[in-house]
Amino acid sequence: MSDRSGHEGRPRVTFSPDAFEALVGECDANLRLVEQTFGVKLVGHGGQLKVQGESIPVQSCCNFLEEIARLVEGGFHLRTRDVAQACRLVRESPGLSLRDHFLRDGVRGRGQRIVRPRTAKQRDYLDALDRNDVIFAIGPAGTGKTYLAVAAAIQALGSSQVRRILLCRPAVEAGERLGFLPGDLAQKVDPYLRPLYDALFDIWQGERANKMIEEGSVEVAPLAFMRGRTLNHSFIILDEAQNTTPEQMKMFLTRIGEGSKAIVTGDITQTDLPEGRVSGLIHAREVVRGLKGIAFIHFDQRDVVRHELVQRIVKAYEEVEDGRTPERGGP
């Protein structure tokens, strides 16, 4: 697989043709990314990569490439985007095992495709869900908070760990404008619930999602509809929780019944509450932190898995909010 001496004394790593193609990427894009990550020069030819540079970076890069080669030899189907993900993981968590990250089980619904965590923090998110009944996932848009929550809920329903899924959001941003929207109540609130439907249908492809909604195994509703209910043997997701009031958050958390799990997601930097109102998500972070069975996962711009530009946008806003001048440029 690898030869640390190589031709002309240069370290090299050998790959299968398919793995080599994925590793190189379109127009050598992945090679440039690996070079930037380790500060080395890569020369690819005939399924081999020669690594040139200073001794320590070269050794680190060879270790990285050899671990990827072992993944492929173990049956992992390497895709181009996996290489970029691996580089990100190495930068964020240098001691992380790529094998452990890529080969550990993801989450899946009944017969549906596997959804795998794409950052170390996303893996922590799923691990926390295994150990706790209530998870607060706080961070910017694009970090997979809601998407992974829906995937975990589908898996729990598919494996009969729960009997139903409830997806809810506050309609705070509608405010008094709600009454001016056309249609009945369901049609008025539907736009505010649409992101939950999007995640559900993307993971649970085909007519399966519609059927489960019709049967009542999956319910998508405004947060106000949770009042007065006791939710047993359910997987409950409260999305956009930064738009709850402390009273609404307390109401939601006290709905959780026997055999249930709940995930609360939100971005505390983007609230639509009236000026002067305290966010229920921020309040809950102070009230219930440290209670047994409850975990908090905080994401940041490094966990954004949408377009790379979204990462830079989130970082720029964070820098302005911290009183710093945003860095310009970038790839």
Measure across [X] and [Y] and return the closest heavy-atom pair with its distance rounded to 0.1 Å.
{"X": "V51", "Y": "C62", "answer": "CG2-SG, 3.8 Å"}
{"X": "Q122", "Y": "D303", "answer": "NE2-O, 4.4 Å"}
{"X": "R164", "Y": "T230", "answer": "NH2-O, 4.0 Å"}
{"X": "A128", "Y": "I297", "answer": "CB-CD1, 4.1 Å"}
{"X": "T37", "Y": "C87", "answer": "OG1-CB, 3.6 Å"}
{"X": "P140", "Y": "D267", "answer": "CA-OD2, 3.5 Å"}

When you compare the side chain of [Y] with that of [X], does any pair of heavy atoms fall below 4.5 Å?
{"X": "T265", "Y": "L238", "answer": "no"}
{"X": "I294", "Y": "L291", "answer": "yes"}
{"X": "L166", "Y": "I237", "answer": "no"}
{"X": "R163", "Y": "N232", "answer": "no"}
{"X": "E54", "Y": "Q59", "answer": "no"}
{"X": "L49", "Y": "F15", "answer": "yes"}
{"X": "T119", "Y": "R88", "answer": "yes"}
{"X": "L273", "Y": "T244", "answer": "no"}

List the residues meeting ring-ring contact (aromatic ring centres under 6.0 Å, His included) with [X], not counting sequence neighbours, and say none if there are none.
{"X": "F64", "value": "F38"}
{"X": "F252", "value": "none"}
{"X": "F299", "value": "Y125"}

Find out if a path of hydrophobic residues (ILVMFWY) with successive side-chain heavy-atom gaps under 4.5 Å connects [X] to [Y].
{"X": "V90", "Y": "L33", "result": "no"}
{"X": "V288", "Y": "V134", "result": "yes"}
{"X": "L23", "Y": "V43", "result": "no"}

Could you tell me the separation between the [atom1] atom of [X] and the [atom2] atom of [Y], rounded to the nearest 0.5 Å?
{"X": "T245", "Y": "K250", "atom1": "OG1", "atom2": "NZ", "value": "11.5 Å"}
{"X": "L281", "Y": "T271", "atom1": "CG", "atom2": "OG1", "value": "10.0 Å"}
{"X": "F136", "Y": "I268", "atom1": "CZ", "atom2": "CD1", "value": "12.5 Å"}
{"X": "T254", "Y": "M249", "atom1": "OG1", "atom2": "CE", "value": "11.0 Å"}
{"X": "L98", "Y": "E66", "atom1": "CG", "atom2": "CD", "value": "12.0 Å"}
{"X": "E240", "Y": "L223", "atom1": "CD", "atom2": "CG", "value": "12.0 Å"}

Can you name the residues that form a side-chain contact (heavy atoms from CB on, under 4.5 Å) with [X], not counting sequence neighbours?
{"X": "E215", "value": "K211, M212, S217"}
{"X": "S97", "value": "E67, R99, D100"}
{"X": "H298", "value": "I138, R285, R289, F296"}
{"X": "V278", "value": "P246, H283"}

Holding to salt bridge (charged side-chain N to carboxylate O under 4.0 Å, His left out), I want the full list of residues that pass it with D82, two or more places apart in sequence or in another chain.
R79
Ignoring hydrogens and geometry, is there a side-chain-to-backbone donor-acceptor pair from [X] to [Y] under 3.5 Å?
{"X": "N30", "Y": "A22", "value": "yes"}
{"X": "Q85", "Y": "P117", "value": "yes"}
{"X": "Q242", "Y": "Q270", "value": "yes"}
{"X": "T143", "Y": "G139", "value": "no"}

Is the count of non-hydrogen atoms from other residues, nucleotides or ligands lying under 6.0 Å from R277 atom CZ greater than 12?
no
Evaluation steps, side chain to side chain contact (heavy atoms under 4.5 Å, CB included), between C61 and V13:
CA-CA 10 Å; C61 184; V13 181; over 6 Å; no
Determine which pairs satisfy salt bridge (Lys or Arg N to Asp or Glu O under 4.0 Å) with at least one residue from residues 135-154, sequence neighbours left out, and list them in order.
none
Show every salt bridge (Lys or Arg N to Asp or Glu O under 4.0 Å) that has at least one partner inside residues 19-39, sequence neighbours left out.
D28-R32, R32-E35
Quick one: side-chain hydrogen bond (donor to acceptor under 3.5 Å, both in side chains) partners of S279, sequence neighbours excluded?
none
Would you please test E219 and I165 for side chain to side chain contact (heavy atoms under 4.5 Å, CB included) and show each step?
CA-CA 6 Å; E219 180 180 348; I165 298 171; over 6 Å; no
Below 3.5 Å, can you tabulate the donor-acceptor pairs from side chains in residues 255-264 to any protein atom, sequence neighbours excluded?
unit_1	atom_1	unit_2	atom_2	d
R255	NE	M251	O	2.8
R255	NH1	R229	O	2.9
S260	OG	L231	O	2.6
S260	OG	H233	N	3.1
S260	OG	S234	N	2.9
S260	OG	S234	O	3.4
K261	NZ	L129	O	2.9
K261	NZ	N132	O	2.6

